[in-house]
Amino acid sequence: DLGDSLRGTLKKIANAVHVDSKLIKEVVRDIQRALLQADVNVKLVLELTKKIEKRALQEKPPAGMSNREHVIHIVYDELVNILGDSRELPIKKQIIMMVGLYGQGKTTTCGKLATFFKKKGLRPVLIAGDVHRPAAYEQLKQISEQVKVPFYGDKSEKDAVKVVKEGLNKFKRVSDVIIVDTSGRHKLENDLISEMKDIFKATKPDEKLLVIDAATGQQAGPQAKAFNDAVKISGIVLTKLDGTAKGGGALSAASEVGAPIVFIGTGEHSGDFEKFEPAGFISRLLG
Amino acid sequence: RGISEEKLDALLWELEVGLLESDVAYTVIESIKKDIKEELRNASFERDKINEMVENVLRNAISHVLKSSEIDFMDFIKSSKKPIVIMFVGVNGSGKTLAIAKMATLLRKYGISSVMAAGDTFRAGAIEQLSIHADKVGVKIIKHGSGADPAAVAYDAIDHAKAKHKDVVLLDTAGRVQTNINLMDEMAKIKRVAKPDLIIFVGDALSGNDAVEQAKRFNEVVGIDGVILTKVDTDAKGGSALSVAYTIGKPLLFIGVGQGYEDQIPFEPQWMMDNIFG
Ligand SMILES: Nc1nc2c(ncn2[C@@H]2O[C@H](COP(=O)(O)OP(=O)(O)OP(=O)(O)O)[C@@H](O)[C@H]2O)c(=O)[nH]1
Ligand SMILES: Nc1nc2c(ncn2[C@@H]2O[C@H](COP(=O)(O)OP(=O)(O)OP(=O)(O)O)[C@@H](O)[C@H]2O)c(=O)[nH]1
Ligand SMILES: [Mg+2]
Ligand SMILES: [Mg+2]
């Protein structure tokens with residue numbers, strides 16, 4: 001199921017007596033429009049649609065598959081290729097570092113992750129590694145109280161590495177999942193990219209999760225690349241899917257960092273959190 | 001003697017890609033293309049100057065959209081009856097709370113007093129966050145407890161401003177997505193009670209096509225008077241500024257260019273033109 005707006009497009013193929021290159025080009029143009037409107041990186045869209053067109057023109061539908069089903073299969077196949085192999089966060093002792101641009105939902109997602117691991121029988125702790133944003137400490141502390149997990153932070157400490165190291169030392173024996181919140185930052189802030197690398201070196205996290213707002217546009221790819229160059233990203237969390245945004249930026253980011261989307265955020269509460277499902281994402285992307 | 005449809009599309013394609021890569025929304029680009037095609041089809045031109053001409057027509061169309069609704073913000077503030085109530089709205093995480101701190105700083109530079117109203121009574125740490133800003137900027141903040149009615153906080157702040165002769169009330173509200181009917185209703189209720197003189201939509205320059213949906217819906221629910229586009233310093237080209245201006249026809253007042261209280265500067269259409277066509 002490729003989404004509503006492509007349904008009309010695909011009907012053209014279903015109703016066509018003969019699927020010629022003109023029709024294929026028309027269908028590919030519709031797919032291109034859908035991907036561009038979904039905020040997928042422009043160069044990636046052009047690459048993808050070229051591939052889809054080539055395959056649709058050259059490949060014969062396998063036995064038993066209609067022309068329409070074959071085109072759907074090609075589009076789905078190419079998008080799943082970009083998304084990469086699915087993976088789930090392992091249910092075991094680990095350190096998770098949250099990174100991303102400003103206002104994407106990192107701090108809120110810390111609470112959601114804590115709830116997720118708590119339900120799996122593990123003991124998470126939240127570490128307030130954001131020493132810059134006003135009341136970041138209070139925000140994470142209140143979240144930890146809402147989801148009922150331990151919290152560590154130091155309101156007076158301006159050195160993020162120091163706070164995180166102290167939190168790690170205090171909780172590594174009593175907690176299973178250590179979730180480290182960090183400040184928002186962007187690729188042009190050399191001092192903050194440096195700070196992120198320092199936190200990474202000090203904590204040696206098992207997971208480095210890049211948090212991305214579903215409404216992010218063409219900056220998703222380039223920023224993800226910068227974050228990945230600094231600390232190898234192991235997974236993506238796509239937030240605010242309860243809005244109308246399609247989340248195409250996450251596709252670009254997944255392509256840049258070579259890591260899959262692992263979770264999605266669907267609201268402001270700690271329960272608004274789901275494992276990533278490629279089929280649903282692709283249907284919404286093209287819809 | 002005009003240009004064929006195919007030739008036009010081919011010429012426009014390169015410019016289109018540039019606009020898309022700058023985060024101008026797809027539907028907005030299609031509309032602008034339609035607007036200028038009439039002009040281009042009937043244009044007379046020199047064969048070798050055609051690319052230049054097409055780009056100039058596009059530039060003029062875009063520049064027209066960006067300039068068409070400019071207002072002088074400080075003139076408005078200085079000439080309006082006090083207290084002026086300015087309500088800040090927008091999607092989660094767009095930068096509303098910081099924009100208020102920057103606004104209070106700017107107003108004080110012009111000798112204009114303000115009071116902040118902690119209208120986000122929902123999100124963790126929201127009241128504490130605005131309180132720290134109020135303290136740093138040196139303005140009064142009116143706040144109730146977490147979970148309080150935002151409309152009541154607004155009402156309280158306006159009362160305070162009238163009593164203490166404060167010029168401006170800066171009303172912070174919680175982030176919300178336009179698909180949340182309850183929160184859209186809450187925003188409409190805050191407007192009914194606070195009767196703001198100005199409703200400012202705070203949009204994120206990092207956002208792409210969704211900026212159109214956001215601005216359209218917020219404008220339908222409460223009516224937007226002006227826009228602030230944040231996080232322009234993140235290397236975002238800010239095409240959403242054009243998308244929003246085209247969609248709701250309201251002025252882009254300021255752009256946010258960083259974390260500092262001085263990092264909110266008046267929007268210059270030429271800056272946007274250089275970004276998009278640079
Ligand atoms: N609607 C919706 N809002 C969300 C979601 N995730 C987070 N938010 C909201 O987005 C806003 C920003 O979230 P934060 O967790 O503060 O974002 P952040 O990345 O930590 O921000 P910085 O630390 O400033 O970079 C808040 O209003 C959150 O409640 C989501 O999935 N849906
Ligand atoms: N780089 C940069 N960051 C900004 C800018 N404006 C806001 N931010 C950051 O974006 C994040 C979110 O800002 P807030 O002011 O909390 O946003 P908000 O809209 O009030 O968020 P909610 O109330 O949760 O919806 C913070 O980390 C800000 O420092 C800007 O112009 N540039
Ligand atoms: Mg945060
Ligand atoms: Mg806020």
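Numbered from 1 within each chain, the chains take letters A, B, ... in sequence-line order. Just so you know, these numbers come straight off a predicted model, no measurement behind them.
- The minimum heavy-atom distance between A/Pro134 and B/Gln129, with the atom names listed, is O-CG, 3.6 Å.
- You'll find the side chain of B/Glu30 stays beyond 4.5 Å of the side chain of A/Arg33, heavy atoms only.
- No side-chain donor-acceptor contact under 3.5 Å links A/His186 and B/Asp235.
- Side chain of A/Lys187 to main chain of B/Thr234: no donor-acceptor pair is present (N/O by atom type, distance under 3.5 Å, no hydrogens or angles).
- Using modelled atom types, no side-chain atom of B/Glu128 and backbone atom of A/Glu138 make a donor-acceptor pair closer than 3.5 Å.
- Contacts between A/Leu188 and chain B at a heavy-atom distance below 4.5 Å involve the side chain alone, from C-beta outward.
- Ion pairing between a basic and an acidic side chain is recognised when a charged N comes within 4.0 Å of a carboxylate O; A/Lys43 and B/Glu21 show such pairing.
- If you take NZ on B/Lys231 and CG on A/Leu101, they are separated by 8.0 Å, rounding to the nearest 0.5 Å.
- In this structure, the side chains of B/Val17 and A/Val42 come closer than 4.5 Å at one or more pairs of heavy atoms.
- Shown here for B/Ile132 and A/Ala135, the closest heavy-atom pair between the two residues is CD1-N, 3.5 Å.
- The closest side-chain donor-acceptor pair between A/Asp242 and B/Thr179, if any, does not fall under 3.5 angstrom.
- The main-chain N or O of A/Ala38 is never found under 3.5 Å from a side-chain atom of B/Asn209 such that the two would form a donor-acceptor pair.
- Between chain A and the residues B/Gly125, B/Ala25, B/Ser22, the most heavy-atom pairs under 4.5 angstrom are made by B/Gly125.
- Between chain A and the options B/Gly258, B/Ser240, B/Ser207, B/Gly239, heavy-atom pairs under 4.5 Å are most frequent for B/Ser207.
- Environment of NZ in B/Lys33: crowded, with over 12 heavy atoms of neighbouring residues, nucleotides or ligands closer than 6.0 Å.
- The two atoms that bring B/Ala124 and A/Ile143 nearest to each other are CB-CG1, 3.9 Å, heavy atoms only.
- When heavy atoms are compared at a cutoff of 4.5 Å, A/Glu145 does not approach chain B at all.
- Considering all non-hydrogen atoms of both residues, B/Leu20 and A/Gln218 come closest at O-CG, 3.3 Å.
- What you find for A/Gly217 and B/Asp23 is that their closest heavy atoms are CA-OD1, 3.4 Å.
- For the set B/Asp233, B/Asp204, B/Leu130, the count of heavy-atom pairs under 4.5 angstrom toward chain A peaks at B/Asp233.
- The distance from atom OG1 of A/Thr216 to atom CG of B/Leu206, rounded to the nearest 0.5 Å, is 6.5 Å.
- We find the OH-CG distance between B/Tyr26 and A/Asp39 to be 13.5 Å, quoted to the nearest 0.5 Å.
- No part of A/Leu140 comes within reach of chain B, as not one of its non-hydrogen atoms sits under 4.5 angstrom from that chain.
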- Audit row: B/Gln259, A/Arg133, side chain to side chain contact (heavy atoms under 4.5 Å, CB included) steps and yes/no: CA-CA 9 Å; B/Gln259 305 297 313; A/Arg133 171 172 157 152; over 6 Å; no
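- Per-residue heavy-atom pair counts under 4.5 Å with chain B were compared for A/Gln104, A/Gln223, A/Arg185, and the maximum is reached by A/Gln223.
- Taking CD of A/Gln37 as the reference point, atom OG1 of B/Thr27 lies at 6.0 Å (rounded to 0.5 Å).
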